[in-house]
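Here the structure comes first, spelled out in structure tokens, and everything after it is commentary.
The residues of the chain are indexed from 1 along the displayed sequence. Bear in mind the structure is a predicted one, so any value in this text is a computation, not a measurement. In each ligand, atom 1 is the first atom listed, and ligand 1 is the first ligand listed.
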Amino acid sequence: MTDAAAMIRRAEPNDVQGILALLSELGAALPLADAEANLRAVLRDEAQVVMVAAATAGVVGCVHGTRVPLLRGGLTLQIFSLAVDAGRRRNGVARQLIAAIEAWGREHGCTLASARCNSQRDAAPQFWTAVGYENAKTQLAFRKKLAG
Ligand SMILES: CC(C)(COP(=O)(O)OP(=O)(O)OC[C@H]1O[C@@H](n2cnc3c(N)ncnc32)[C@H](O)[C@@H]1OP(=O)(O)O)[C@@H](O)C(=O)NCCC(=O)NCCS
């Protein structure tokens, strides 16, 4: 079933509070000012896009994509920060968000889409399989702070 009340569109700067609430569902806790700065930077970059699912109550889903030229492949759409409000799940909102961001990727020359998901997440592996993604490998994720 599709959530008829949610419209998929490009994010705008004033969607930040809704997006921030969704990011917290992904475990990202950041101050509003930082979320505003991050969203502004992403929206300024034509290689990136944020799609939201907007309902009358506000933003109920979001996804961020960036197109990256890879040395070992063509232009790849990398997908991040997919989240749907807990009260709106299993209504096809994420499916619509992914369809929209894939369409953006195709329009911009991407030939591959990729997404990573935390193996501890309940629904995410089933979701990615349901929308046509193959689990290519299991990876470790290394990080290092470069500032601060
Ligand atoms: C994963 C998530 C984005 C899915 O959003 P959603 O809007 O509920 O997904 P959809 O309704 O579009 O689901 C599409 C299909 O995915 C599969 N799916 C989605 N959630 C599922 C679940 N909990 N269990 C099993 N399959 C599931 C189903 O096949 C579903 O189709 P169906 O409802 O017709 O059976 C959502 O659960 C979420 O925000 N989770 C927390 C954050 C997260 O894990 N994000 C992903 C990071 S990689």
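For ligand 1 and Ala94, the ligand atoms under 4.0 Å from any heavy atom of the residue are 3 (C), 4 (C), 5 (O), 6 (P), 7 (O), 9 (O), 12 (O). Applying the 4.0 Å criterion to heavy atoms of Cys117 picks out, from ligand 1, the atoms 48 (S). Near Leu26, meaning under 4.0 Å from any of its heavy atoms, are these atoms of ligand 1: 42 (C), 43 (C), 45 (N), 47 (C). The distance from ligand 1 to the heavy atoms of Ala83 drops below 4.0 Å at these ligand atoms: 39 (O). The distance from ligand 1 to the heavy atoms of Ala130 drops below 4.0 Å at these ligand atoms: 15 (C), 16 (O), 17 (C), 29 (O). Set against the non-hydrogen atoms of Ala123, the atoms of ligand 1 under 4.0 Å away are 20 (N), 21 (C), 22 (C), 23 (N), 37 (O). Residue-ligand proximity, Asn91 to ligand 1, at heavy-atom distances under 4.0 Å covers atoms 11 (O). Listed by number with element, the atoms of ligand 1 under 4.0 angstrom from any heavy atom of Trp128 are 48 (S).
The shortest N/O to N/O separation between Gly92 and ligand 1 falls below 3.5 Å.
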Criterion salt bridge (charged side-chain N to carboxylate O under 4.0 Å, His left out) on Arg9 and Asp15, from CA distance to verdict: CA-CA 11 Å; Arg9 59 164 172 78; Asp15 292 322; 2.8 Å; yes
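The main-chain N or O of Gln120 is found under 3.5 Å from a side-chain atom of Asn118 such that the two form a donor-acceptor pair.
In this structure, Ser119 and Pro125 have side chains that are not in contact, with every pair of non-hydrogen atoms separated by 4.5 Å or more. Taking 4.5 Å as the limit, every side-chain heavy atom of Leu112 sits out of range of all side-chain heavy atoms of Leu70.
Residue Glu36 forms a side-chain contact (heavy atoms from CB on, under 4.5 Å) with just one option from Leu39, Asp34, Leu32, Asn38, and that option is Leu32.
Considering each of Arg90, Gln96, Arg89, Arg116, the one bringing a non-hydrogen atom nearest atom 30 (C) of ligand 1 is Arg90.
Rounding to the nearest 0.5 Å places CD1 of Ile79 at 6.0 Å from CD of Glu102.
Note: the hydrophobic cluster containing Tyr133 does not contain Val68 (ILVMFWY, side chain heavy atoms under 4.5 Å, direct or indirect links).
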